[in-house]
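Numbering of residues begins at 1 and proceeds along the displayed sequence. As the structure is a computational prediction, the values presented were derived from the model and not from experiment. Both backbone and side-chain heavy atoms feed into the values below; hydrogens, waters and symmetry mates do not.
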Amino acid sequence: MSLFIVYFHGYGSSPKTDKVSILRERLNVPVFCFPADIEPIKAKKMIEYNIDQVLLEDKYKNSKMVFVGTSLGGWMASEMAKKYNVPAIVINPSCNPGLSLEKYGVSEEIRKNYSVIEFSKNNTYFFAENDEVIDNKEIMKELQLLCYEVYIDKKADHRYNGEAFEKVIKYIEKNYLQNF
C-alpha cells in the first residue's frame, strides 16, 4: 500500500504554495492540491470532484489518503476528512470562517455558507501559540483537555513555515510512511 496527500491551501494562497513542493520533495509521495473557490459550497463540489478523479485512477486504488490543510485550508481538510473518512492534519485552522473572513472583506452572502469547524479525534492539530492572524488559544486548551492530538509550536507564526512545518513532515513520516 502507498500513500498520497491532498493539501488544502489557505485563503489568499494557491495550489502553487511552497508547502506542496516541500511535501513532495521531503516525503517523496504524490501530493495533490486543488484550487478552491472562496464560496464554500462551490469549493467543496470542485474539490470532491478532483479527489474522486484521483481515486478513480488505478494507481491510487489501494493507496492511503491523508489530508493536510492550513488556515482556511485546515477548515476544508476537516470537512473533506469527514466526507472521505480519512485523517487530516489541520494547521492553524480557521475554526469559524464565517467570522474570520469578515476582516478580509468577504461578503456576508459567502460567509453565511461556512459552518464552524467540527473537531475530530481522527485528526491531528498543529497550532502556533502566537498566531497573529487567528486567535485559537481557547480552542487549543479545549482540545488538549478533551485529549485530542494537539501540537503547539511556541516559535511559529500563522504561516507555519520552517522548523514548524518540519515537525508536520516528521509527524507524517512517523505516522503514515513507516508502515509502507
Side-chain angles (χ1 to χ4, degrees), residues 1-36 47 50-51 54 60 63-82 84-95 97 100 104 117-180:
M1 186 183 292
S2 59
L3 173 76
F4 71 91
I5 294 171
V6 178
Y7 180 81
F8 299 87
H9 64 80
Y11 179 74
S13 189
S14 77
K16 294 181 180 177
T17 178
D18 290 345
K19 286 183 176 75
V20 171
S21 301
I22 292 166
L23 288 167
R24 284 182 182 138
E25 290 169 14
R26 291 292 312 282
L27 299 174
N28 198 29
V29 299
V31 179
F32 298 92
C33 185
F34 308 110
I47 290 170
N50 285 312
I51 291 171
V54 171
Y60 299 114
S63 295
K64 175 127 175 116
M65 176 169 59
V66 175
F67 295 152
V68 179
T70 305
S71 193
L72 187 58
W75 176 86
M76 185 63 79
S78 293
E79 290 289 303
M80 293 294 111
K82 283 186 307 193
Y84 290 94
N85 194 30
V86 299
I89 297 168
V90 182
I91 305 166
N92 284 335
S94 176
C95 298
S100 64
Y104 297 105
I117 196 170
E118 289 182 41
F119 294 103
S120 168
K121 291 216 176 190
N122 199 32
N123 298 342
T124 304
Y125 300 92
F126 286 82
F127 292 97
E129 185 173 76
N130 297 306
D131 189 329
E132 75 282 8
V133 176
I134 300 171
D135 183 2
N136 282 327
K137 285 185 176 82
E138 292 303 315
I139 291 166
M140 288 185 256
K141 289 177 196 171
E142 184 179 329
L143 291 175
Q144 287 177 314
L145 286 172
L146 293 170
C147 298
Y148 281 70
E149 194 167 5
V150 176
Y151 298 89
I152 300 171
D153 193 292
K154 294 182 184 299
K155 297 178 187 172
D157 61 15
H158 185 72
R159 307 261 326 141
Y160 222 83
N161 288 327
E163 287 180 32
F165 196 64
E166 181 66 28
K167 292 173 187 172
V168 173
I169 290 170
K170 289 190 182 309
Y171 179 87
I172 294 169
E173 288 172 334
K174 178 182 175 193
N175 292 282
Y176 297 105
L177 289 178
Q178 284 187 353
N179 301 325
F180 299 112

Mark yes or no for whether Lys121, through its side chain, and Leu146, through its backbone, hold a donor-acceptor pair below 3.5 Å. yes
Does a side-chain heavy-atom distance below 4.5 Å link Tyr11 with Ser100? no
Looking only at heavy atoms, what is the nearest atom pair of Val31 and Arg24, with distance? O-NH2, 2.6 Å
Give a yes or no on whether a salt bridge exists between Lys167 and Glu163, defined as a side-chain N under 4.0 angstrom from a carboxylate O. no
Rounded to the nearest 0.5 Å, how far apart are CZ of Phe67 and CG of Asn122? 11.0 Å
With a 4.5 Å limit on heavy-atom distance, are the side chains of Tyr171 and Glu149 in contact? yes
Report the distance from atom CD1 of Ile89 to atom CG of Asn175, rounding to the nearest 0.5 Å. 7.5 Å
What distance do Ile169 atom CD1 and Leu177 atom CG have between them, rounded to the nearest 0.5 Å? 11.0 Å
Taking all heavy atoms of Tyr176 and all of Pro87, pick out the closest pair and write down the distance. OH-CB, 3.3 Å
Non-hydrogen atoms of Ile117 and Gly74 that approach each other most closely: CD1-O, 4.3 Å
Could you pull out the closest heavy-atom pair between His158 and Ser71, with the gap in Å? NE2-OG, 2.9 Å
OG1-NE2 distance between Thr17 and His9, expressed to the nearest 0.5 angstrom: 8.5 Å
If you round to the nearest 0.5 Å, how far is CD of Glu142 from OH of Tyr148? 8.5 Å
Is the closest side-chain heavy-atom distance between Leu143 and Phe127 below 4.5 Å? yes
Test log, rule side-chain contact (heavy atoms from CB on, under 4.5 Å), inputs Val66 and Ile172: CA-CA 9 Å; Val66 175; Ile172 294 169; 5.6 Å; no
Quick check: do Phe119 and Ile139 have side-chain heavy atoms less than 4.5 Å from each other? yes
Asp157 side chain to Glu132 main-chain N or O, any donor-acceptor pair under 3.5 Å? no
Closest heavy-atom pair, Tyr160 versus Tyr151, reported as atoms and distance to 0.1 Å, is OH-O, 4.4 Å
Side chain proximity check, Lys82 to Ser120, heavy atoms < 4.5 angstrom: no
Test item: side-chain donor near acceptor, Asn161 and Lys19, under 3.5 Å: yes
Is the backbone N or O of Cys95 less than 3.5 Å from a side-chain atom of Asn136, with the two atoms forming a donor-acceptor pair by type? no
Answer whether the closest heavy-atom distance between the side chains of Ile51 and Phe32 falls below 4.5 Å. no
Test Val29 against Phe4 for side-chain contact (heavy atoms from CB on, under 4.5 Å), laying out the working first. CA-CA 6 Å; Val29 299; Phe4 71 91; 5.7 Å; no
Taking side chain as C-beta onward, heavy atoms only, is Asn92 less than 4.5 Å from Ile134? no
Apply side-chain contact (heavy atoms from CB on, under 4.5 Å) to the pair Leu27 and Leu3, showing each step before the final yes or no. CA-CA 10 Å; Leu27 299 174; Leu3 173 76; 5.9 Å; no
Should Thr70 and Phe126 count as side-chain neighbours, where that means a heavy-atom distance under 4.5 Å? no
Nearest 0.5 Å please: distance from the NZ atom of Lys141 over to the CD atom of Glu138. 4.5 Å
Nearest atoms (heavy-atom pairs only) where Pro35 meets Pro15: N-CG, 3.5 Å
Apply side-chain contact (heavy atoms from CB on, under 4.5 Å) to residues Ile47 and Phe8 and explain how you reach the verdict. CA-CA 9 Å; Ile47 290 170; Phe8 299 87; 3.6 Å; yes
